[in-house]
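Small disclaimer: the values here were computed from a predicted structure and weren't measured.
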Amino acid sequence: VAAYGLCMVTIAAWDYSAAFGIDWQSVGAMEAGKVLAGQAWRCLTALTLHVDLGHLMSNLVFGTLFGLIAGRIYGGGAAWLAIVLGGGPGNLANACLREPTHWSIGSSTAVFSALGLIVYDAIHSGWSERETIIRRWSPLVGGLVLFAFTGLGSERTDVVAHATGLGAGLMLGWIM
């Protein structure tokens, strides 16, 4: 969790100050057309960039919370690797679903991947034949409510990226 926070804050400081003479957002943002043309690294670099301090803080708060919970379930190293691995394919799926000019940044795709890991574990663990259908799928409903609470926002919110991150996390939870 500390490494996540330190990485996000450090890169934000570099981005805001144009450190090393780099326009961080132009070289690292997930631009759908560029990703599909072969610049796949943008699916990961976009996870480290944020529009403003509010965007950064939101991703830090929820990323820390969901990352900590996922770490308790899967172990810290495995969880954080899965969170990043979910964020990248989540951004790739977002690029495939959007027009070539679509542009997005932020670690929220990875944050929702963490939520997907947690939801999958809650669905999978403790399952028994005697459970009712409502009890069996209530973690998914809870996850979708959290998604609605944290993943839907202003017109600038990339809801598709959030949804693809959640889906990637659910799939990674199934794999793990």
Side-chain angles (χ1 to χ4, degrees), residues 1 3-67 70 79-119 143-144 146-175:
V1 171
Y4 165 71
L6 182 63
C7 180
M8 292 297 111
V9 170
T10 300
I11 293 174
W14 290 348
D15 178 23
Y16 299 149
S17 68
F20 311 108
I22 298 171
D23 180 355
W24 293 82
Q25 292 190 14
S26 69
V27 299
M30 193 293 292
E31 293 182 57
K34 290 181 179 180
V35 167
L36 298 177
Q39 296 181 15
W41 70 83
R42 290 175 174 273
C43 293
L44 294 175
T45 56
L47 298 172
T48 64
L49 301 169
H50 294 86
V51 174
D52 55 29
L53 185 60
H55 185 213
L56 173 65
M57 293 307 296
S58 173
N59 281 310
L60 279 173
V61 168
F62 289 105
T64 298
L65 176 65
F66 296 159
W80 283 101
L81 179 61
I83 291 166
V84 171
L85 290 178
N91 274 338
L92 179 59
N94 188 26
C96 291
L97 295 170
R98 305 305 278 271
E99 62 280 353
T101 58
H102 181 73
W103 179 95
S104 71
I105 59 174
S107 60
S108 56
T109 309
V111 169
F112 284 100
S113 177
L115 178 60
L117 289 167
I118 295 164
V119 168
L144 292 174
L146 270 173
F147 175 82
F149 176 70
T150 59
L152 307 176
S154 69
E155 60 278 351
R156 291 184 351 180
T157 302
D158 193 344
V159 177
V160 174
H162 294 176
T164 57
L166 180 67
L170 287 166
M171 287 193 289
L172 283 168
W174 176 69
I175 291 168

His50 side chain reached by Ser107 side chain, heavy atoms, under 4.5 Å: yes

Minimum heavy-atom distance [X]-[Y], with the two atoms named:
{"X": "Gly173", "Y": "Leu117", "result": "N-CD2, 3.5 Å"}
{"X": "Ala46", "Y": "Ser104", "result": "CB-O, 3.7 Å"}
{"X": "Ala95", "Y": "Ala32", "result": "O-CB, 3.6 Å"}
{"X": "Gly67", "Y": "Ala114", "result": "N-CB, 4.3 Å"}
{"X": "Ala168", "Y": "Gly90", "result": "CB-N, 4.3 Å"}
{"X": "Thr45", "Y": "Thr48", "result": "O-OG1, 2.7 Å"}

Quick one: [atom1] on [X] to [atom2] on [Y], what's the gap to the nearest 0.5 Å?
{"X": "Arg98", "Y": "Leu36", "atom1": "CZ", "atom2": "CG", "value": "12.5 Å"}
{"X": "Ser108", "Y": "Leu115", "atom1": "OG", "atom2": "CG", "value": "12.0 Å"}
{"X": "Trp103", "Y": "Arg42", "atom1": "CH2", "atom2": "CZ", "value": "10.5 Å"}
{"X": "Asn91", "Y": "Cys96", "atom1": "CG", "atom2": "SG", "value": "11.0 Å"}
{"X": "Asp23", "Y": "Asp15", "atom1": "CG", "atom2": "CG", "value": "7.5 Å"}
{"X": "Leu49", "Y": "Tyr16", "atom1": "CG", "atom2": "OH", "value": "9.0 Å"}

Main-chain N/O of Cys7 paired with Thr10 side-chain donor or acceptor, under 3.5 Å: no

Results of side chain to side chain contact (heavy atoms under 4.5 Å, CB included) for Leu60 - residues two or more places apart only: Tyr4, Met8, Val9, Leu56, Met57

Sequence-distant partners of Met171, side chain to side chain contact (heavy atoms under 4.5 Å, CB included), two or more places apart: none

Thr164 versus Asn94, side-chain donor and acceptor atoms under 3.5 Å: no

Partner residues of Trp14 under the ring-ring contact (aromatic ring centres under 6.0 Å, His included) criterion, sequence neighbours left out: Phe20, Trp24

